[in-house]
Trainee: 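Before I ask anything, let me first share the structure, which is written out below as structure tokens.
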Amino acid sequence: MPSSALWAVDLFGRVCTLSTAAQHWELCRDAQLEFKRVSASAQCCWGIACDNRVYVRVDAGDVPIRRREEAYENQRWNPVGGFCETLLPSDRWPWSDVSGLQHRPLDGVALPSPHWEWESDWYVDENFGGEPTEKGGWTYAIDFPAAYTRDKKWNSCVRRRRWIRYRRYKSRDTWAQIPSQDDPKQLPDPFNDLSVGGWEITDEPVGHLSVWAVSLQGKVWYREDVSHPNPEGSSWSLVDTPGEVVQISCGPHDLLWATLWEGQALVREGISRNNPKGSSWSIVEPPTSENGIMHVSVGVSVLWAVTKDRKVWFRRGVNSHNPCGTSWIEMVGEMMMVDVGLNDQVWGISWADRALYFRQGVTQSELSGKTWKAIVASRECDRSHSGSSSSLLSAGCFFGDEVRGSGESCGPSDSEAERPGPDPERELQATSPASTPAELPWTNIDLKEPKRGPSHAAASFPEASDLSSLGLLPLGMEEPDGAECHPLWAWVSGGGCAVEAHTVLKWFTAQSGLSPSVQTLSLSITPAQTAAWRKQIFQQLTERTKRELENFRHYEQAVEQSVWVKTGALQWWCDWKPHRWVDVRVALERFTGQDGARDSILFVYYVVHEEKKYIHVFLNEVTALVPVLNEAKHSFALYTPERTRQRWPVRLAAATEQDMSDWLALLNLSCCESRRVHGRPSPQAIWSVTCKGDVFVSEPSPDLEAPERPLPCDQMFWRQMGGHLRVVEANSRGVVWGIGYDHTAWVYTGGYGGSSSQGLAGGPSGIYTQSDVKCVCIYENQRWNPVTGYTSRGLPTDRYMWSDATGLQECTKASTKPPSLQWTWVSDWFVDFSVPGGADQEGWQYASDFPASYHGYKTMKDFVRRRCWARKCKLVTSGPWLEVAPIALTDVSIIPEAPGAPGSEPSIALWAISDKGDVLCRLGVSELNPAGSSWLHVGTDQPFASVSIGACYQVWAVARDGSAFYRGSVSPSKPAGDCWYLIPSPPKQRLKQVSVGHTAVFALDENGNMWYRQGVTPSYPQGSGWEHVSNNVRRVSVGPLDQVWVIADKVQGSHGLSRGTVCHRTGVQPLEPKGLGWDYGIGVSGAALGGLSQWDLEARGAVPRGPREGPGGAVPSCLSVPCCQVPRGGHYGFFYGGYLCSAVTR
Amino acid sequence: MTDDKDVLRDVWFGRIPTCFTLYQDEITEREAEPYYLLLPRVSYLTLVTDKVKKHFQKVMRQEDISEIWFEYEGTPLKWHYPIGLLFDLLASSSALPWNITVHFKSFPEKDLLHCPSKDVIEAHFMSCVKEADALKHKSQVINEMQKKDHKQLWMGLQNDRFDQFWAINRKLMEYPAEENGFRYIPFRIYQTTTERPFIQKLFRPMAADGQLHTLGDLLKEVCPSAIAPEDGERKNQVMIHGIEPMLETPLQWLSEHLSYPDNFLHISIIPQPTD
């Protein structure tokens, strides 16, 4: 769960934020400004200050907001001077935009507002669609406008080149004023209310935001073009209203409500992706005619309102299709205002005491929630009092500088500002009870108080008396009750605050001291884990075991480990006729072998032709247990080397999910036991994820990379780790990162267990809640006919009118279920516009016939069209993962290192690609802090798709247009390098992924070809050309010793075809870096099992970074065994004097 | 980084090598060989000594056999104390294996409880677990469990099945997220030097100011004599499961990880060995 923040304004206009992970309000610093309104979204917060101007505060984050300006320089050839700027009179401008219609001289391009700055000067773009151009970046054509090529031909009469310059938004983490556009001819009409929303109308990366404002005269304004890359928007435009509006609320999706002076509510209709301003208003009458509506707030499918008598109302039946809803329900409580935030959660400010309340129990099924619960989090200023004072007290020092410092920086507390000239004694009584909740002897601390002085209070609040003009001060404020001196709130906004069912909030109890749960949320090892007492216990236990057992192992055990059997009823997929699920009895026999190791046999008893038979599996032969959840069955697949070769696992299904997870947990445990695998995976482990998002890890055995007869990789044992990921990346120092389907970045905590081993002993450690969101897509298909145009009536030979992507399966909105029972819907169906090939305004894609290639515009030849409907579903599980907030990623790469290699830097290089295509470099990653500290943005001229860093800091990347880049001069001291070098792609191929090992560079193109980069040398790390290695590859990962592992697309087994198979390149040698052939490992498709293709293991992770060889047997497990050492020098001795160490155990 | 779960495993699989010899005055038909066994620290003597009993009964006449009992250096061993506790308290400074004398006669009625069957051990064990949960959760967790869960705890202990036992026991080790530990820590402090069998008091895992209580805080409060004076030399060892945790160790962590299967922290205070 990422932490997000609630925004609020107190009566003195101070803006505070409260993080979902925190217990204390944090004052929004920098502000000489007082605010009367704030409205927050996840990335930014808009507000109206007391100077009646509008401000926006954009979160700094690690990725800059940058926009590209471009201009084209156009030239025409003439026989005298060659290419020159003299164009024909009919030609375009010598400096123009891309269309040529607009004059655009370089010095005429200005920054849109003072909040932007130029990143660099103009420069020529030498990249032409992934192909490097000649120096100068010119592209040639016969005439304007025409198709340009990078080669100059005999008939090239014109040429042009593109100039690029980036501007960067600089006013982040500060309130940036939006220039007001008062018409000087009219009276000023300052803004009175403001609301932001609409971010769900479009998907990322558009990042559209709807900003609505209301002026004092009751007019409604809409801010045009506000989006993530353009946080200020461009201009205000007036939206006509049928009356004078006093307040407005914009929901995250397409709801917009406003209140009229007369007490009715206005509802905006017709808001959509193409028309975010909406089209018309309709009026909703207040619940009672005598008390009009004073305040409204909308969410995705709720509306809350406050009437003039302070009563709170919930509007039933509000949603996109019926924005007006159906009827009012009165709720308990008297509120000043309410605000609906993310997930339709609700906050309110009570009428009686101006306290902030959170509506508890709001869920999708119960949108009105259960009760109001007061948020009693203390403010930062209070906390710094108690925090520093308690630490000082314990240090026996009452008069440190810290107290004074914090007292001053946080400003005076509420009660002081209340009085024009507070006398220190009263102040003492009023502030101290609230500021010292831990019953500390506060008198000592407050001796400092007079130093703050009344003049200070007056100075920082010069406008305190003006506040009453806002009409916000209720009566009775002059005599604050010292005992209940909580902050008095004026406004709250939850638009950026994500509270979900499993979020644990610590807002409701005032607490001092660090609670342990706060510590556990940070991944860098907690104090408890490094504490001396903990180390001592581990050490002493080890010593005790040694002392009490070492010389007595031959003694008999008091309790015999007898055979132990678990039996049960499952279903088993019968491999032969009748090819269906049959009921079976199963029994798991666990016994202790001769050497004390446990082993187990699984028996499956079935009846065929009234004859009792059984199959059995030794669990020490099992190589993987894969849960195969689908909407109907709780099943799992069991692989052995033989089954892997057949591409045909044993498949079992349980009646309930609980039953299945019990069996899986037990079988997993038995497998690990018989293979003596337990605890955290070693740093050399190979990680993989399946197409279902399950995470698997395999301990590489020393003979996996043996030059002679390596261990076949179908014998590798894969055990499941908890969690749900789309991409996983590990390095050989134990740092593991993952990326979820929703692009959330996760870092491995070092724990094990989680969802895959519920019910196992020991209790979870390092296991946290993890959630993931993905979209299920179905297609609406239509055919054109001359009479009625496009209709949902197809030809009899056509596909289903509602189908999956292939058209073979019928998928209607009603019948389509989430992928498995673990998933639940979290949105309604919506049209997906971001489909490959593009879509028109309504999301349609056109083609001449099914199935064909689709395009986003209609032509004369198009007779069919389709559009993609998507619906989000969410899974909540648990695993040893912690979120790395807040930037969403699509790819990540960690530097591979041979364990214990000399010169291992303390900091581990990690590069990533954000979901917007930004290239990022993580700083501060180490074994002790695998999450790192912050992102460093690496500028690019286009969005990127893949990145990989090699052991010698070679960074390679692939852009979304398929071109490859090499980053120059990356080193530990210069983690981001200096510039990109464009590397031409293999001819006619668009690259999609790159992976770098020690020295080898491999890339994949979109057609599944794998390429090896030739000619890479230390002095010329870019290499000279691409050499084809193999096709049929889906994903490649190169290890620290240039071991090559891939996910193969299709592999034919003796019984079935596997799609997505872990494969190991054999014969990779220093002089044969491309290797010789493939060894096929785990991976099976259910395609052969009756069309249930979306079921099975399809490992597609960034599999293996890092098998286990250390130079010269540095790995303890290799020490005791003879090593045959194969020198790896000779290729270029510059890189290493390392040896490939391989060993045979036992 | 080692996992806390490994502590549980190490605690569970703690074994004491033991040599059982028959008391010299017992009448035998032929000479009784000593019997060597690895005793689980977390279990109970009478629960794991069936083999011992069988071994010595073979050399005795049927009519001389009555209830078996054990003694170490003259002290009768209470079967209702966990084995690890008995060893730490009485024999931790002596050489291994632990020499236990086996008796079949003259049952010391005033020192030992009778143990006619394993049901008695089970009843004792379960009552300890219940008492511990009463302290930790006002009995809420144990009462919500089903009969078969109780049985699984006992069977797990009896058959030395770590997984089976901890699958249930971990529920007893949970506490609500909003609280920072158990209500009270179930502990018992044993000393050889006093007549009193053990000290047991109500003690919270956390001080009123939110500070975690440590092992040292506990001893200071309930057994100040166990801790050395500020300047003086330490005269006592504070031992749990054969190890001496630092006095800075948080009590809540100890309770979660170093409790015996009966959910109590059995802490031995023993004189510092002089050598």
Side-chain angles (χ1 to χ4, degrees), chain A residues 390 394 438-440 504 506 508-509 511-517 525 528-545 547-549 551-562 564 666 669 678-680 734 750-753 759-766 928, chain B residues 1-11 13-18 36-41 43 47-49 51 96-97 158-167 169-170 173-174 177-178 180-181 208-212 214-215 241-250 252-253 256-258:
Chain A
S390 65
S394 61
E439 298 171 347
L440 291 162
V504 180
K506 295 185 282 285
F508 309 112
T509 48
Q511 249 179 349
S512 64
L514 262 181
S515 79
S517 50
I525 298 171
Q529 281 170 305
T530 51
W533 57 260
R534 191 172 178 278
K535 276 190 198 145
Q536 171 151 356
I537 284 175
F538 279 92
Q539 193 190 336
Q540 288 194 356
L541 276 173
T542 312
E543 283 167 12
R544 183 201 77 178
T545 306
R547 181 175 71 234
E548 295 180 354
L549 264 179
N551 299 319
F552 305 100
R553 287 200 186 273
H554 55 285
Y555 279 28
E556 204 179 334
Q557 292 281 353
V559 182
E560 289 293 330
Q561 289 294 334
S562 52
W564 183 53
L666 181 67
L669 183 79
H678 78 102
R680 175 185 180 153
Y752 43 92
L760 281 198
S765 157
L928 292 181
Chain B
M1 183 170 50
T2 324
D3 199 276
D4 283 351
K5 271 186 278 187
D6 299 335
V7 175
L8 302 179
R9 236 170 224 287
D10 280 353
V11 164
F13 290 107
R15 296 284 186 268
I16 296 167
T18 311
Y36 297 92
L37 209 54
L38 286 173
L39 297 181
R41 272 179 164 271
S43 195
L47 188 59
V48 293
T49 46
K51 287 179 185 171
L96 290 170
Q158 189 177 351
N159 296 330
D160 192 26
R161 290 198 191 289
F162 176 78
D163 308 329
Q164 196 182 349
F165 177 82
W166 269 99
N169 197 51
R170 77 192 156 96
M173 290 298 175
E174 286 165 359
E178 61 268 21
N180 292 309
D209 64 357
Q211 206 70 35
L212 285 174
T214 64
L215 180 60
H241 290 293
I243 64 169
E244 292 178 78
M246 290 168 74
L247 295 182
E248 291 78 36
T249 314
Q252 174 68 30
W253 191 92
E256 284 173 53
H257 297 90
L258 291 193

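Note on naming: letters A, B, ... go to the chains in the order of the sequence lines (proteins, then strands), and numbering restarts at 1 for each one.
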Trainee: Once side chain to side chain donor-acceptor pair (under 3.5 Å) is applied, do any residues pair with A/Gln539, and if so which ones, sequence neighbours excluded?
Mentor: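 Residues passing side chain to side chain donor-acceptor pair (under 3.5 Å) with A/Gln539: A/Glu543.
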Trainee: Contact between B/His257 and B/Val11 at the side-chain level, heavy atoms closer than 4.5 Å - yes or no?
Mentor: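 No - every pair of side-chain heavy atoms lies 4.5 Å or more apart.
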Trainee: Quick check on B/Gln158 against chain A: is it the side chain, the backbone, both or neither that has a heavy atom closer than 4.5 Å?
Mentor: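 Just its backbone gets close to chain A.
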Trainee: Return yes if some donor-acceptor pair links the side-chain N/O of B/Arg9 with the main-chain N/O of B/Phe162 below 3.5 Å, else return no.
Mentor: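 Flag not set: sc B/Arg9 to bb B/Phe162 has no pair under 3.5 Å.
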Trainee: With sequence neighbours excluded, what pairs up with A/Gln557 under the side chain to side chain donor-acceptor pair (under 3.5 Å) test?
Mentor: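 Testing A/Gln557 for side chain to side chain donor-acceptor pair (under 3.5 Å), a comparison that skips the adjacent residues, returns B/Arg15.
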Trainee: So which part of A/Glu556 gets closer than 4.5 Å to some heavy atom of chain B, the side chain, the backbone, both or neither?
Mentor: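 Backbone plus side chain of A/Glu556, per the 4.5 Å heavy-atom cut-off to chain B.
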Trainee: Can you tell me which of B/Lys51, B/Glu248, B/Gln252 forms the most heavy-atom pairs within a distance under 4.5 Å of chain A?
Mentor: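 Winner by heavy-atom pair count: B/Lys51.
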Trainee: Less than 4.5 Å to any heavy atom of chain A: does that hold for the side chain of B/His241, its backbone, both, or neither?
Mentor: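 For B/His241, backbone and side chain are both near chain A.
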Trainee: Would you mind telling me which of B/Pro40, B/Pro250, B/Gly242, B/Pro245 has the largest number of heavy-atom pairs within less than 4.5 Å of chain A?
Mentor: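 The answer is B/Pro250.
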Trainee: Can you say whether A/Leu541 sits under 4.5 Å from chain B via the side chain, the backbone, both, or neither, judging by heavy atoms?
Mentor: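 When you check distances to chain B, atoms from both the backbone and side chain of A/Leu541 fall under 4.5 Å.
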Trainee: I want to check something: taking the side chain as every heavy atom from C-beta on, are B/Leu215 and A/Trp533 in contact at a cut-off of under 4.5 Å?
Mentor: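 No, side chains not in contact.
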Trainee: Quick check: do B/Trp166 and B/Met173 have side-chain heavy atoms less than 4.5 Å from each other?
Mentor: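 Side chain of B/Trp166 against side chain of B/Met173, heavy atoms only: contact under 4.5 Å found.
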Trainee: Heavy-atom pairs under 4.5 Å with chain A are the metric here; pick the option from B/Gly14, B/Ser43, B/Pro97 that has the most.
Mentor: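 Going by pairs under 4.5 Å, I would pick B/Pro97.
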